[in-house]
Amino acid sequence: MSNTTIVVGLDGSEAGARALAFAKERAKLIGNCTIAIVYVIEWSPFSFQTPEENEERHKRREEELQMAHERVLDPAVDATKAEGFEVIGVLQHGDAADILDATAKKHNASQIVVGRVGARGLKERVFGGVTGRLAASASVPLTIIP
């Protein structure tokens, strides 16, 4: 039997934690399963700034990556590994829906699991968030956790 991968969108919210818990339950049932925990820092590559502003932006980007590793991704990966799961940690800047779907394609995942309302809450409900975009465009089945 080949290895199955479940991609989980983690954002530091309670809904993200519930999504990871759900993925762990499914991985136990599947057996030979890898959990890809993905944390995305929303980041637009488009900017019309001065060279000095772009240099400062790059420094901020590196600081954000380090903080995301320390505060969210690494603890989640370490705890999941400690529970006996095979885990991949992914941290990127960009569009969360695109990166979650690209990760699913890259790892031939069987599904993507995300929380219904992420850390942005109201803003996502008003403007449409990662979950809505994934529901419309994911290349694999999507499980949305309340």
Side-chain angles (χ1 to χ4, degrees), residues 1-47 49 54 56-146:
M1 189 167 136
S2 65
N3 190 359
T4 300
T5 300
I6 298 172
V7 173
V8 180
L10 197 65
D11 63 359
S13 71
E14 284 299 315
R18 289 191 301 274
L20 180 55
F22 179 86
K24 290 175 185 179
E25 290 173 12
R26 293 301 167 258
K28 284 180 189 174
L29 294 173
I30 293 167
N32 190 16
C33 187
T34 299
I35 300 172
I37 301 173
V38 181
Y39 185 93
V40 179
I41 300 170
E42 290 283 339
W43 188 267
S44 170
F46 306 106
S47 179
Q49 299 176 345
N54 283 334
E56 183 62 34
R57 187 175 192 219
H58 178 72
K59 288 179 194 173
R60 256 192 349 264
R61 181 177 187 263
E62 295 305 314
E63 290 169 358
E64 287 176 343
L65 286 170
Q66 183 178 350
M67 283 188 355
H69 265 292
E70 292 172 359
R71 294 182 181 175
V72 180
L73 186 63
D74 292 348
V77 168
D78 293 345
T80 303
K81 282 183 180 177
E83 293 177 47
F85 294 99
E86 184 174 333
V87 183
I88 299 166
V90 177
L91 174 62
Q92 290 184 328
H93 274 98
D95 179 80
D98 290 344
I99 291 170
L100 286 164
D101 193 48
T103 302
K105 288 176 185 175
K106 178 180 177 181
H107 295 284
N108 198 27
S110 62
Q111 68 177 308
I112 299 170
V113 181
V114 294
R116 181 179 64 215
V117 179
R120 293 184 176 187
L122 181 60
K123 181 179 175 187
E124 283 193 351
R125 281 180 272 190
V126 174
F127 298 108
V130 173
T131 304
R133 291 194 320 275
L134 276 170
S137 65
S139 60
V140 298
L142 173 68
T143 301
I144 302 169
I145 305 301

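We number each residue from 1, following the sequence as shown.
- In this structure, CD1 on Ile88 lies 4.0 Å from NE2 on His107, to the nearest 0.5 angstrom.
- Contact between Ala19 and Val113 at its shortest, heavy atoms only, is O-CG1, 3.5 Å.
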Side chains of residues 96-103: which donor-acceptor partners sit under 3.5 Å, not counting sequence neighbours?
residue : atom : partner : partner atom : Å
Asp101  : OD1  : Ser139  : N            : 2.8
Asp101  : OD1  : Ser139  : OG           : 2.7
Thr103  : OG1  : Ile99   : O            : 2.8

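- Partners of Val72 by side chain to side chain contact (heavy atoms under 4.5 Å, CB included), not counting sequence neighbours, listed by chain and number: Leu10, Tyr39.
- In terms of heavy atoms, Gly115 sits closest to Thr131 at O-OG1, 3.0 Å.
- Applying the side chain to side chain donor-acceptor pair (under 3.5 Å) test to Thr143 and every residue at least two apart in sequence or in another chain returns Gln111.
- We find the CG-CG distance between Leu91 and Asp74 to be 8.5 Å, quoted to the nearest 0.5 Å.
- Checked against side chain to side chain contact (heavy atoms under 4.5 Å, CB included), Arg18 has the following partners two or more places apart in sequence or in another chain: Glu14, Ala15, Ile145.
- The side-chain heavy atoms of Val130 and Glu42, taken from C-beta on, include a pair separated by under 4.5 Å.
- Here the CE atom belonging to Met67 is positioned 11.5 Å from the CZ atom belonging to Arg60, to the nearest 0.5 angstrom.
- Rounded to the nearest 0.5 Å, atoms CG (Leu73) and CG (Asp11) are 12.0 Å apart.
- Nearest approach of Arg26 to Ile6, heavy atoms of both residues: CB-CD1, 3.8 Å.
- Remark: Lys106 pairs with no residue by the salt bridge (Lys or Arg N to Asp or Glu O under 4.0 Å) rule, at least two apart or across chains.
- Taking the side chain as every heavy atom from C-beta outward, Arg133 and Asp95 approach each other to under 4.5 Å.
- A search for side chain to side chain contact (heavy atoms under 4.5 Å, CB included) contacts involving Val87 returns Ile37, Val77, Thr80, Lys81, Phe85, not counting sequence neighbours.
- Applying the side chain to side chain donor-acceptor pair (under 3.5 Å) rule to Thr34 yields the partners Asn3, Glu86; only residues at least two apart in sequence or on another chain are considered.
- Rounding to the nearest 0.5 angstrom, the gap separating the OG1 atom in Thr5 from the CG atom in Asn32 is 9.0 Å.
- With sequence neighbours excluded, the residues forming a side chain to side chain donor-acceptor pair (under 3.5 Å) with Glu70 are Gln66, listed by chain and number.
- For the pair Val140 and Ser110, the minimum side-chain heavy-atom distance is 4.5 Å or more.
- Taking 4.5 Å as the limit, every side-chain heavy atom of Ile112 sits out of range of all side-chain heavy atoms of Val38.
- Leu29 CG to Thr4 OG1: the interatomic distance, rounded to the nearest 0.5 Å, is 12.0 Å.
- In this structure, the salt bridge (Lys or Arg N to Asp or Glu O under 4.0 Å) partners of Glu83, at least two apart in sequence or on a different chain, are Lys24.
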